[in-house]
Each structure stands twice: as structure tokens, then as C-alpha cells.
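If you scroll down you'll find the structure; I have some questions about it.
Convention: sequence-line order gives letters A, B, ...; per-chain numbering from 1. Only a predicted model underlies this, so the values are computations on that prediction, with no experimental measurement involved.
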Number of protein chains: 2
Amino acid sequence: MGTVSKALSLLDFFSRSQPEIGLSELTRASGLNKATVYRLLSDLQIHGFVEQTGARAYRLGPAVLRLAAIREATVPMRQIVQATLDRLSDTTGETSHLAQIQGDRLVTLAYAYSPAHGTAVRMEDAAVTPFHATATGLAVLAFAGPAFCDRRLAQPLPAFTPDTPTDPADIRARLGRIRASGYSESVGGFEADVHSLAVPLFDATACIGAVAVATPKSRMTPALRARIIAALFDAAHDIVALWGGFLPDELQRLWVDAV
Amino acid sequence: MGTVSKALSLLDFFSRSQPEIGLSELTRASGLNKATVYRLLSDLQIHGFVEQTGARAYRLGPAVLRLAAIREATVPMRQIVQATLDRLSDTTGETSHLAQIQGDRLVTLAYAYSPAHGTAVRMEDAAVTPFHATATGLAVLAFAGPAFCDRRLAQPLPAFTPDTPTDPADIRARLGRIRASGYSESVGGFEADVHSLAVPLFDATACIGAVAVATPKSRMTPALRARIIAALFDAAHDIVALWGGFLPDELQRLWVDAV
DNA sequence: CTGGGTTGGTTCATTATTCAAACCGTTGGT
DNA sequence: ACCAACGGTTTGAATAATGAACCAACCCAG
């Protein structure tokens with residue numbers, strides 16, 4: 001294994017559950033010699049990739065912030081998921097879209113249509129959509145953490161259609177079912193004749209959005225529904241890989257069970 | 001120069017003005033042999049630190065996003081600037097604070113008091129402050145780009161004191177002077193007896209906030225004002241270094257001229 | 001159409017760098 | 001006081017990295 005690879009692989013041991021690691025712990029985890037680990041850490045430290053906290057631990061350094069900002073400016077998340085959404089729409093024959101939390105709002109970041117039918121659910125760029133009334137919004141509420149969810153459900157929950165859930169207790173029950181299944185579903189919750197399925201997306205630390213497929217109610221069948229769910233799982237894996245994010249192990253287990 | 005240092009130093013050539021670089025260009029810029037650069041890029045690519053775009057250029061890869069997210073979760077910006085704000089307040093004997101753009105708002109992220117006097121300008125955690133009426137807000141308006149500035153000035157500009165600037169043309173003139181001097185000043189613009197000075201802060205791509213010192217009007221003197229301005233420049237350097245950001249060269253020239 | 005200059009990419013004998021066993025001083029627990 | 005952990009250091013031997021020379025592909029001026 002090359003020297004550069006050894007050094008970079010040390011960085012991979014840092015995670016959100018273990019953001020600080022000591023020299024001896026890294027030695028054990030990596031299987032490298034302690035002198036080797038020390039020297040590699042020193043090189044990484046000189047370039048700002050790690051920094052030492054106190055006398056007994058290392059953590060990731062500020063250089064990664066600068067590079068991430070350049071990467072983000074170069075390849076905005078929207079652009080790099082477009083190909084994945086195009087494939088998702090081709091696979092399912094329906095409209096796909098991706099929504100992301102931006103502050104207190106859920107914003108449609110990207111979408112794709114399929115040419116498979118003369119009609120399709122129509123999307124709008126940068127549309128702000130409600131959390132409680134959409135499949136993407138419900139996926140986010142289910143997985144973005146209790147504080148976020150409580151804040152959302154404490155705000156007014158207007159009805160957009162006769163089928164919009166507006167009772168916080170009812171919505172919480174649905175969120176429980178979404179957490180149990182790993183995906184969300186909205187039938188006419190935001191637009192009367194639209195049936196949507198969605199799964200949550202995570203960056204390295206938290207749920208930050210969701211990816212969905214929307215179909216006219218009249219076109220949804222049990223077979224299409226199953227195909228959409230499987231395709232959403234694949235798309236979510238691809239998107240978080242591109243984003244440098246993660247999918248919680250328990251969520252992936254739910255997805256395996258659902259296919 | 002060690003192999004790991006060579007590889008990491010290649011990453012430093014990527015910038016917001018040059019986010020994509022070819023193999024031969026990197027060879028010229030780094031002074032290394034093309035075969036060496038190629039092999040180092042391959043190692044970086046295997047670990048996700050760079051990726052190839054098309055056939056002729058490389059750019060930073062998704063691994064930096066994951067590491068930056070871990071770093072951000074570990075060391076939130078607020079925590080790491082607190083020590084700098086403490087020193088800024090000690091140096092000036094007055095209240096210092098840092099505000100950051102969050103969507104369409106300016107939010108106080110951190111602040112520090114000085115024990116030098118019995119009275120001090122009081123701050124609030126997570127306070128949302130107006131752009132047009134505060135020194136931090138004016139610093140951000142001046143340096144955050146015309147689109148951002150136009151959007152802000154197109155919104156209502158309420159008066160908080162008789163000294164609040166509310167005429168967009170007047171504010172634009174002030175912003176011109178701020179750009180010429182490199183720092184902003186508000187005298188009673190938001191609270192009647194507060195005199196504040198601020199400088200903008202940048203991440204790797206844009207102005208994202210400002211750092212300020214606020215003093216009761218009655219305590220400001222020419223000597224204190226000069227000391228505050230110099231201390232703000234030092235604090236800004238420290239903060240953007242911690243954040244993996246940058247300060248535009250022309251802004252630093254203005255600051256050198258102002259001291 | 002052709003030749004020249006650029007590009008990304010490859011090879012392998014030589015050389016520079018890395019490696020890791022053995023060691024050090026410090027700290028904390030028993 | 002002793003022991004086991006920690007971070008950190010040294011240096012002769014071993015290994016990985018180096019880079020001159022080369023390749024194929026592409027682009028453009030003549």
C-alpha cells in the first residue's frame with residue numbers, strides 16, 4: 001500500500017461518532033506501525049488536514065473546510081444528482097425530484113421527467129414545498145430528528161387538498177410508520193391527483209433532504225409502486241455517495257427488508 | 001519533500017478561481033515530474049479526494065465533503081471563534097461579536113464581553129439583526145456581492161433610531177465608502193447609544209459574515225477607534241484561518257493602508 | 001491533409017524515502 | 001513504587017517513489 005494511500009486512509013477513521021482519535025488508537029485501527037502513523041499524522045498536520053487537540057488526540061483540521069467549499073462551489077449538489085434523477089425517471093417512467101432542507105423550508109433542488117407517458121406530474125425549480133403535505137417532507141420529518149420535527153409540527157399545518165394530514169397526532173403516527181418502513185408515501189396530500197413515494201437523504205451528520213418519485217394517482221399499480229420503492233433505494237445510495245454522505249445502517253436494513 | 005506532502009500540496013492548487021486543473025498544468029504549477037503528479041493524482045482519486053472531469057481535467061472529489069462535514073460537526077464555527085472574540089474584547093476593552101449570513105438573515109453567532117468597564121454593549125445569542133442598520137450588516141452588504149445587496153435593499157428598510165439609514169441610495173453611497181476603506185461603521189444606527197465597527201469575513205468562496213466591536217457612544221475616542229480597527233483586522237485573519245476561508249487580497253491591502 | 005505541439009498516460013532502473021524495532025519521558029491508576 | 005498506557009523519537013535496512021524517455025490521441029496552423 002502506497003504511502004499516500006496510508007495517509008489518506010488514516011483520515012477515513014475519523015467519523016461523526018469518533019471525531020477525535022489518539023495516536024495509539026489510530027495505530028491499532030489502521031494496523032500500521034506507530035512511528036509510521038505518527039509521521040503520516042505529522043505530514044497531514046503540516047498541511048492542515050488534521051490538528052491536535054490537547055496532548056492526546058487528533059481531529060480533522062481546517063484544510064478540509066476550504067477544499068469542501070471549493071468542491072461545493074465547483075460541483076453544486078444539484079448538478080451532480082441530475083444524472084441520478086434522470087436514471088430514476090427512466091427506470092420508473094415517472095417524474096422524480098430531490099428536495100433539500102434550507103433553513104425552515106423544503107426546497108426542490110432538482111427534478112427529471114420521463115418521456116414514457118404523454119402526461120406526467122409537473123415540477124418547478126426551487127419550489128418551496130410543505131413538510132406535512134408531501135412525501136419528501138414527511139420523509140424528512142421522520143428522519144431529521146425530534147427537535148426539527150417538533151418545530152415543524154408546532155407551526156400551522158394548512159390543508160392543500162381534502163387528503164392533506166393536518167392533525168399533529170395523526171402526522172406523528174404516520175411518521176412512526178415511515179420510520180418503521182424506511183420510506184414515505186403521500187396520496188393526494190399536496191396535489192389532489194398525485195401519488196408520491198420518497199426516501200430520506202443524509203450528509204455526513206444528519207438528514208438533509210429526500211428523493212421522491214411522483215406519479216398520477218390513476219397510473220399507480222402495486223407493481224409500479226414496488227419498482228419505484230426499489231429504484232428510490234438505489235438512487236439514494238448513489239446520491240449520498242456523490243454527496244460524501246451516509247445512510248444509517250438501520251435504514252438500509254429496512255430497505256433490504258422492503259425489497 | 002515527503003511523498004504525502006507532495007500529494008497534499010497538489011490539492012492546494014485547486015481554488016475557487018481554478019477549480020479544474022489538467023495533469024500538465026499541475027505539473028508546471030507544482031514543479032514535480034509529470035509521472036509523479038499522475039501517480040499522486042491516482043492515489044488521491046482512489047480515496048475520493050480528486051475526480052476526473054472528462055478526459056482533460058481534475059477537480060476536488062466528494063471525500064472532502066464528508067471530512068468537512070465531520071470537521072464542522074466536531075468543531076462548529078462558533079466554538080472555534082470564541083477564543084478569538086475573547087481576545088478581541090480583551091484587546092479593545094469592549095464587546096465583540098460575530099454575525100453570519102443564514103439565508104436572508106444576519107444572525108449573531110458568538111460574542112464576548114470585556115470586564116474593563118462597569119457597562120458594556122449587551123448582546124443576545126442567535127439574535128437576528130438587520131443588514132442596513134448595523135455595522136456587521138453593512139459590512140456584509142458591501143462585500144457579499146451585488147445580487148445579495150440588491151435583494152436586501154429592495155426589501156423594507158425600517159428605522160430603529162433617528163440615525164438608521166433607510167434611503168437605498170444613501171445606503172449604497174455608504175457601502176461604496178465601506179468598500180473603499182475596508183471596514184464599516186454604524187453610529188446609533190440600530191441602538192441609539194451604540195457605536196460599532198465591523199469587517200467582513202469570507203469562507204473559501206464568498207463573504208459569509210462579519211466581526212464587530214461595539215462600544216457605548218460616549219466611550220469612543222479617536223485612539224480607541226484606531227485600536228478597534230487594527231484589532232478587527234487581526235481577529236478577521238485569525239477567524240478565516242480557523243474557518244478555512246480567505247480574505248481578498250484587495251481587502252487586505254485596504255486594511256494595511258488603514259493601519 | 002500534414003506536421004508540430006499539446007494533452008493524458010506508461011515504463012522500469014535507480015535512488016530517495018519510508019519503515020518499524022527499540023527506545024524515551026510522561027501520566028494516571030493501583 | 002510499580003506498571004501500563006500514552007505520545008513521541010531514532011536510524012540501518014528495505015521498500016516504494018522517482019523521472020527520463022517514451023506512447024497514443026487530439027487540436028490547430030499552414
Item to complete: Could you list by number each residue of residues 26-40 of chain B showing a heavy-atom separation from DNA chain C of less than 4.0 Å, or answer none if no residue does?
Response: Arg28(B), Lys34(B), Ala35(B), Tyr38(B)
Discussion item. Taking side-chain hydrogen bond (donor to acceptor under 3.5 Å, both in side chains) as the cut-off, I'd like each qualifying pair that reaches into residues 20-33 of chain B, sequence neighbours left out, listed once.
Written reply: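 Every pair satisfying side-chain hydrogen bond (donor to acceptor under 3.5 Å, both in side chains) with a residue in residues 20-33 of chain B: Glu20(B)-Thr53(B), Glu25(B)-Arg28(B).
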Fill in: Most 5' of Asp43(B) and Tyr58(A) on DNA chain D, judged by nearest nucleotide
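Comparing both residues, the 5'-ward one is Tyr58(A).
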Practice prompt. Starting at CZ of Arg59(B), measure out to CD of Glu51(B) and round the result to the nearest 0.5 Å.
Written response: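 One gets 4.0 Å once the value is rounded to the nearest 0.5 Å.
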Discussion item. I'd like to know if Asp234(B) and Arg87(B) make a salt bridge, using a cut-off of under 4.0 Å between side-chain N and carboxylate O.
Written reply: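 A salt bridge is absent here (no side-chain N lies under 4.0 Å from a carboxylate O).
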Worksheet entry | First and last nucleotide of DNA chain C, 5' to 3', lying under 4.0 Å from heavy atoms of chain A | dT18(C) to dA21(C)
Worksheet, complete the sentence: Minimal heavy-atom distance between Tyr183(A) and Ala258(A), with the atoms involved, is CE2-CB, 4.2 Å
Worksheet item: Within a strict 4.5 Å, meaning less than it, do heavy atoms of the His117(B) and Glu94(B) side chains meet?
Response: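 The answer is yes; the side chains approach within 4.5 Å.
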Discussion item. Return the CG to CG distance between Leu44(A) and Leu11(A), rounded to the nearest 0.5 Å.
Written reply: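 CG of Leu11(A) is found 5.0 Å from CG of Leu44(A).
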Worksheet item: Do Ser5(A) and His47(B) have side-chain atoms, one donor and one acceptor, less than 3.5 Å apart?
Response: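 On atom types as modelled, these side chains qualify, holding a pair under 3.5 Å.
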Worksheet item: Would you say the side-chain atoms of Ser89(B) and Ser96(B) include a donor-acceptor pair closer than 3.5 Å?
Response: yes
Discussion item. Check the phosphate of dA17(D) against Thr3(A), side-chain N and O only, distance under 4.0 Å to OP1 or OP2. Yes or no?
Written reply: yes
Worksheet entry | Touch class at under 4.0 angstrom, heavy-atom based, for Glu25(B) against every strand present |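 Nothing, no nucleic acid heavy atom in range.
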Worksheet entry | side-chain N/O Ser24(A) vs dA5(D) OP1/OP2, d < 4.0 Å |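 Result: no.
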